[in-house]
Each structure stands twice: as C-alpha cells, then as structure tokens.
Amino acid sequence: MRAYVFEQQDDRRAALIAEMRTSGFEPQIIEPEFFQSDLSVLLQPGHETRAVMLGECKEVRSYIRAMRNAGCANPIVVFRNFRNAQDTSELLNLGADDVIVAPFRGEEIMSRTNSIIRRLCGHAADNVVVGELTAYFDGRDPIVSGSRIKLSKREHSVFQHLALNPHKVISKDAIYDAVYGASIDQPFDKVIDVYICKLRKKIASASESGWQYIETVHGRGYKLSMPEAMSDAS
C-alpha cells in the first residue's frame with residue numbers, strides 16, 4: 001500500500017518508516033511544499049486511496065484544511081505523541097480520519113488505514129464476495145472455491161485495487177498509479193498487463209468453474225466481476 005508520510009523529526013520519521021514497511025506500506029516522504037502545491041493530483045484515479053500520514057506539528061490543522069478544501073477524500077491519519085481528547089476531536093472535526101497515539105505499530109497503522117479505505121469505497125465488511133471468489137481488505141490473500149491463493153506483493157496490490165471496486169471498470173493507468181505512483185523505480189508500461197495475466201491464471205486454476213473473474217473491457221481497462229453465464233445460472 002502506497003502512502004504519503006509527513007514527519008519533520010528525523011529520528012521519529014526513520015522509526016515510523018521502518019515500522020510501516022514491515023507491514024507492507026510503501027511510504028513516500030513529503031515536505032511542507034506538498035501542501036502548498038496543486039493537490040488535484042490526489043483526485044486522479046488511482047490516487048484516491050493513497051493515505052496521507054501526518055506527524056504532529058503546529059501546521060497539521062492547516063494541512064488537513066488544505067487537503068479537504070481541495071476536495072481530496074484520501075484517508076488522513078495523524079500521529080500524536082500523547083493522548084489529548086480535545087485535540088483529537090478538533091483534528092477529526094477538521095477532516096482527519098483517524099488519530100494514532102505513540103507507540104506506533106505498523107500492523108495497527110495498516111489495519112486502521114485499510115478500515116478507512118474500505119469505508120471510503122463503500123464496503124461495510126472486511127471482504128467482498130464475487131461468485132466463487134472472496135477478496136479481503138485486511139491484507140489477506142483471496143479465497144477461490146474454498147482455497148486460498150497466494151499472491152505476490154505486486155499481484156496483491158493490483159488485485160486489491162480491483163477488489164475495492166468490484167463490477168466497475170478500472171483503467172490500466174489508474175491501477176498503475178495506485179500500485180507505483182511516483183516511485184523512482186517505475187517499470188515498463190505493460191507491467192500491469194503482466195500482473196493481470198498472472199492473476200487470471202491463479203484464479204482460473206483455483207476456481208471450480210475455471211473462470212478468470214478479471215474481464216478486459218477493451219479501450220477502457222479491467223473489471224473484477226462474475227461471468228454473465230454464472231450470474232444467469234444463479
């Protein structure tokens with residue numbers, strides 16, 4: 001999961017980044033200039049689920065206002081050193097989605113962030129069922145026809161973005177941005193096609209029906225959905 005991280009204290013930033021990476025985050029460090037720039041980049045498809053993590057500082061309220069005033073719906077999580085009910089209430093009322101108090105643990109940060117993203121995409125439960133396939137939003141690999149299939153880190157990132165938007169067409173560019181974003185090690189353009197092909201093979205080999213469940217909508221992108229034949233039969 002890609003996330004923006006703003007933390008001014010070097011020692012705390014290093015510890016936070018290390019903790020997040022152990023839980024599957026791919027943190028991208030941002031500076032104050034980020035909030036003074038054109039925040040419309042966060043409105044682009046593929047960026048809307050990228051969380052923004054804010055370390056405690058005197059400008060944190062203005063940063064939250066800037067994002068929400070720009071129309072950004074991205075999850076905003078604030079890290080605090082000490083518990084303070086009044087400050088927490090103010091931050092939440094300004095538009096923060098969650099406030100986490102030290103000590104910070106990667107597993108908790110991931111769980112809380114996944115919960116926010118799940119609700120942002122309209123999912124009340126921690127999973128979505130599409131035919132024989134059950135996709136989870138808490139980091140677990142999917143289950144197909146009763147068996148769990150093992151996905152690589154990148155395969156899981158691609159699959160997660162499709163699973164958050166079942167039955168909707170997601171462009172390849174949106175998936176690419178959600179998985180790689182501004183990463184300095186951006187791969188070649190066809191990499192999403194490669195991961196989609198791998199996902200289809202794994203799902204098809206595990207499903208009793210043999211269905212791949214990921215449909216190509218030519219000229220538009222990909223869609224995770226139940227095949228029409230199976231839908232008609234049910």
Side-chain angles (χ1 to χ4, degrees), residues 1-5 17-28 45-51 53 74-75 105-123 125-183 185-207 211-216 221-226:
M1 178 187 295
R2 305 195 67 82
Y4 294 108
V5 178
I17 292 299
E19 189 68 33
M20 291 177 64
R21 282 177 174 157
T22 63
S23 297
F25 277 103
E26 293 185 46
Q28 178 180 341
H47 290 258
E48 69 279 1
T49 58
R50 192 168 302 176
M53 311 292 187
N74 302 66
R105 296 290 180 262
E107 184 177 353
E108 179 183 3
I109 298 170
M110 176 63 79
S111 295
R112 288 176 178 269
T113 304
N114 275 330
S115 179
I116 297 167
I117 293 173
R118 186 183 74 222
R119 295 194 300 271
L120 178 66
C121 294
H123 301 287
D126 67 351
N127 66 79
V128 62
V129 177
V130 180
E132 304 158 285
L133 186 155
T134 301
Y136 296 92
F137 305 129
D138 58 3
R140 285 178 289 172
D141 285 326
I143 289 179
V144 180
S145 295
S147 299
R148 193 173 300 278
I149 60 173
K150 184 66 176 178
L151 303 182
S152 70
K153 181 179 178 181
R154 292 299 188 191
E155 289 170 353
H156 192 279
S157 296
V158 173
F159 178 78
Q160 183 87 343
H161 200 62
L162 291 170
L164 283 168
N165 302 276
H167 313 295
K168 296 180 181 178
V169 179
I170 308 298
S171 71
K172 184 168 72 173
D173 288 343
I175 298 173
Y176 188 95
D177 286 340
V179 175
Y180 291 101
S183 174
D185 58 344
Q186 287 185 343
F188 58 95
D189 180 58
K190 296 292 185 180
V191 68
I192 298 301
D193 299 325
V194 173
Y195 284 124
I196 291 291
C197 182
K198 291 181 178 179
L199 285 168
R200 283 172 167 163
K201 288 181 179 178
K202 289 185 177 183
I203 294 172
S205 63
S207 64
W211 294 111
Q212 300 174 345
Y213 281 91
I214 300 178
E215 175 187 353
T216 298
Y222 301 103
K223 179 173 63 171
L224 179 69
S225 63
M226 187 165 59

Subject >> Any donor-acceptor pair under 3.5 Å from Arg2 side chain to Gln28 backbone >> reply: no
Subject >> Charged N-O contact under 4.0 Å between Asp126 and Arg140 >> reply: yes
**OP:** For residues Lys153 and Gly24, report the shortest heavy-atom separation together with the two atoms involved.
**Re:** CE-O, 4.5 Å
Original post:
Around Glu107, counting heavy atoms of other residues, nucleotides and ligands shown, do more than 12 lie under 6.0 Å from its CD?
Top reply: no
**OP:** Answer yes or no: is there a side-chain heavy-atom contact under 4.5 Å between Val158 and Leu151?
**Re:** no
Original post:
Where do Ser145 and Ala206 come nearest, in terms of heavy atoms and distance?
Top reply: CB-O, 3.6 Å
Original post:
So, are Glu26 and Arg154 salt-bridged, with charged N and O less than 4.0 Å apart?
Top reply: yes
**OP:** Report the residue from Asp193, Val169, Leu199, Ile170 that forms a side-chain contact (heavy atoms from CB on, under 4.5 Å) with Tyr222.
**Re:** Asp193
Original post:
From Glu132 CD over to Ile203 CD1, what is the distance, rounded to the nearest 0.5 angstrom?
Top reply: 10.5 Å
Subject >> Reported CE-to-CE distance for the pair Met1 and Met20, which is rounded to 0.5 angstrom >> reply: 9.0 Å
Original post:
Which heavy-atom pair separates Ser207 from Tyr213 by the least distance, and what is that distance?
Top reply: CB-CE1, 4.4 Å
Original post:
How long is the gap from SG on Cys121 to CD on Glu48, to the nearest 0.5 Å?
Top reply: 7.0 Å
Original post:
Is there side-chain contact between Phe159 and Lys202, with at least one heavy-atom pair below 4.5 Å?
Top reply: no
Original post:
Distance-only, no hydrogens or angles: does the Asn74 side chain make a donor-acceptor pair with backbone N or O of Arg50 under 3.5 Å?
Top reply: yes
